[in-house]
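Written out below as structure tokens is the structure these notes cover.
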Amino acid sequence: MGEQPIYTTRAHVFQIDPTTKKNWVPASKQAVTVSYFYDSTRNSYRIISVDGSKVIINSTITPNMTFTKTSQKFGQWADSRANTVFGLGFSSEQQLAKFSEKFQEVKEAAKLARDKSQDKVDTLSNHSEESGHETQSTPQASAINGTDDEKISHVSPEAAVLQTENERLKSAVEESNTNAKKWETELQTLRENNARLVDALQESSANVESWKKQLGACKEESDTLRGKIAELEAQCNEADREKQKNSQLSVRVQELEAELQEKEQELENLRTQAEIIPQLMAECESITAKLQTAEMKNKELEGRVEGLQLDIEDSQQKQGNMKGELKKFMDMLDGKIDELHEFRQGLSKLGVDN
């Protein structure tokens, strides 16, 4: 029948670092199949795992092995023949518990198989010793018993038993020789597998060192890029602050332009009002001329002075009021012009600063 799988699961495989004996080295890049195999010919159990075409676990279960749960999802066992420690990382606690239970079952089965084999070897050894004693005692018995007929009649049943036992012993010896040859072949296979495993372990160790160097280089490059990113972020922050200042200045300029438009509108209104001043001046001059004419006529018409005195005084009073209002208007116009001139100077100064 050969070897047959009796239980299969999936897990991440690790091996102990042969140098430090402390750190775990991944034997598989991802979860792989891990199986228990039973060899009915040799009555033995093995744990085997293959990643692609590479054998990463080939461990024969012995009664002295122990599977230890080191965490909720991780377990390990030591293999003295392979001179290493295997570790398995499962995706759930249930898978770890099931694998541990199966390990205990296989361990007990291996112990029973060893005990049966030992009993069989002891039985064969005892039978060989008994047959040796019987063959030595048979000639003495034949010599004592006398005649040939008596010898034949007396010894034949014992000889038949001895012949049967010898044939059985020969078969057992031949089977032992056959098993020994099988064990030698299996031992040679195990040695070859161990050699391949050692080569694979050395290759993986070299790969780990290469990966460590690449990781260091990547870390240095990452630190450099982080520094550059920090510098760029600082520059971006500075640019954002400049943009904010420019936006504030743009808002201020718009406000000043709006104020300038208001001042220009006021100036236009003042100019419109200033256009009325010549008309008022002309009216004043006309009134003055009339007044002079009236004064000249007053000399001629002194007789009418008394009658027109009230009119003259009233006219003079109106003229005085008009002159006062005109003076106030001129003063106000001068003040507005001065304010507009100062505002233009301030706006020009602000434009130069910007």
Side-chain angles (χ1 to χ4, degrees), residues 215-354:
L215 180 61
C218 290
K219 285 182 177 179
E220 293 179 358
E221 185 177 358
S222 177
D223 294 336
T224 304
L225 291 175
R226 285 177 181 173
K228 291 182 179 179
I229 290 171
E231 293 178 359
L232 291 175
E233 287 179 351
Q235 293 178 2
C236 290
N237 293 331
E238 185 67 23
D240 291 337
R241 287 193 292 269
E242 291 294 332
K243 288 181 179 178
Q244 188 175 2
K245 289 181 180 179
N246 290 333
S247 61
Q248 293 176 355
L249 290 174
S250 298
V251 172
R252 181 58 180 166
V253 169
Q254 291 177 359
E255 292 176 355
L256 292 174
E257 287 178 352
E259 292 179 1
L260 179 59
Q261 290 178 357
E262 292 178 356
K263 296 296 183 180
E264 288 180 350
Q265 186 65 34
E266 291 180 0
L267 181 60
E268 186 66 25
N269 294 333
L270 292 175
R271 286 176 180 175
T272 303
Q273 294 177 1
E275 291 177 355
I276 304 173
I277 293 175
Q279 296 177 0
L280 296 175
M281 293 295 293
E283 291 179 358
C284 290
E285 291 177 355
S286 176
I287 292 170
T288 304
K290 290 178 180 181
L291 182 59
Q292 290 176 359
T293 302
E295 287 178 354
M296 291 175 64
K297 289 179 178 182
N298 285 337
K299 291 179 181 180
E300 296 176 355
L301 300 173
E302 289 177 359
R304 298 180 182 179
V305 169
E306 293 177 357
L308 298 174
Q309 186 67 37
L310 294 174
D311 296 331
I312 293 171
E313 289 176 357
D314 185 57
S315 178
Q316 288 178 350
Q317 185 177 0
K318 289 181 179 181
Q319 185 178 7
N321 291 333
M322 187 176 293
K323 287 183 179 181
E325 289 178 0
L326 181 59
K327 185 177 181 182
K328 290 180 181 179
F329 181 76
M330 292 297 294
D331 293 337
M332 183 178 67
L333 182 60
D334 293 336
K336 292 292 182 179
I337 292 173
D338 292 337
E339 289 178 1
L340 182 60
H341 182 67
E342 292 176 357
F343 179 77
R344 284 184 177 277
Q345 290 180 350
L347 184 60
S348 300
K349 185 176 181 181
L350 180 61
V352 172
D353 293 337
N354 289 333

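Every heavy atom of this structure was used, including side-chain atoms; hydrogens, water molecules and symmetry mates were not.
Each of Glu342, His341, Lys349 was scored for a side chain to side chain donor-acceptor pair (under 3.5 Å) with Gln345, with one residue passing: His341.
In this structure, CD on Glu275 lies 10.5 Å from CD on Gln273, to the nearest 0.5 angstrom. Rounding to the nearest 0.5 Å gives a distance of 11.5 Å between SG of Cys236 and CD of Glu231. Atom NZ of Lys245 and atom CG of Leu249 lie 9.0 Å apart (nearest 0.5 Å). Distance check, rounded to the nearest 0.5 Å: CG of Leu326 to CD1 of Ile276 gives 11.5 Å. Separating the CD1 atom in Ile337 from the CG atom in Asp334 is a distance of 6.0 Å, to the nearest 0.5 Å. From Gln319, atom CD reaches atom CG of Asn321 across 10.5 Å, with rounding to the nearest 0.5 Å.
Using modelled atom types, no side-chain atom of Ser315 and backbone atom of Asp311 make a donor-acceptor pair closer than 3.5 Å. Side-chain atoms of Ser286 never come within 3.5 Å of backbone atoms of Ala282 as a donor-acceptor pair (strictly under, hydrogens ignored).
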Could you pull out all donor-acceptor pairs under 3.5 Å where a side-chain atom in residues 251-265 meets a protein atom, sequence neighbours excluded?
unit_1: Arg252; atom_1: NH1; unit_2: Glu255; atom_2: OE1; d: 3.4

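Listed by chain and residue number, nothing satisfies the side chain to side chain donor-acceptor pair (under 3.5 Å) test with Glu285 (two or more places apart in sequence, or in another chain). In terms of the salt bridge (charged side-chain N to carboxylate O under 4.0 Å, His left out) criterion, residue partners of Glu238 (sequence neighbours excluded) are, by chain and number, Arg241.
The number of heavy atoms from other shown groups lying within 6.0 Å of CD (Glu221) does not exceed 12. Annotation for Met332: atom CE counts as buried by contact number, over 12 foreign heavy atoms lying within 6.0 Å.
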Salt bridge (charged side-chain N to carboxylate O under 4.0 Å, His left out) for Lys318 and Asp314? Distances and angles first, verdict last.
CA-CA 6 Å; Lys318 289 181 179 181; Asp314 185 57; 3.7 Å; yes
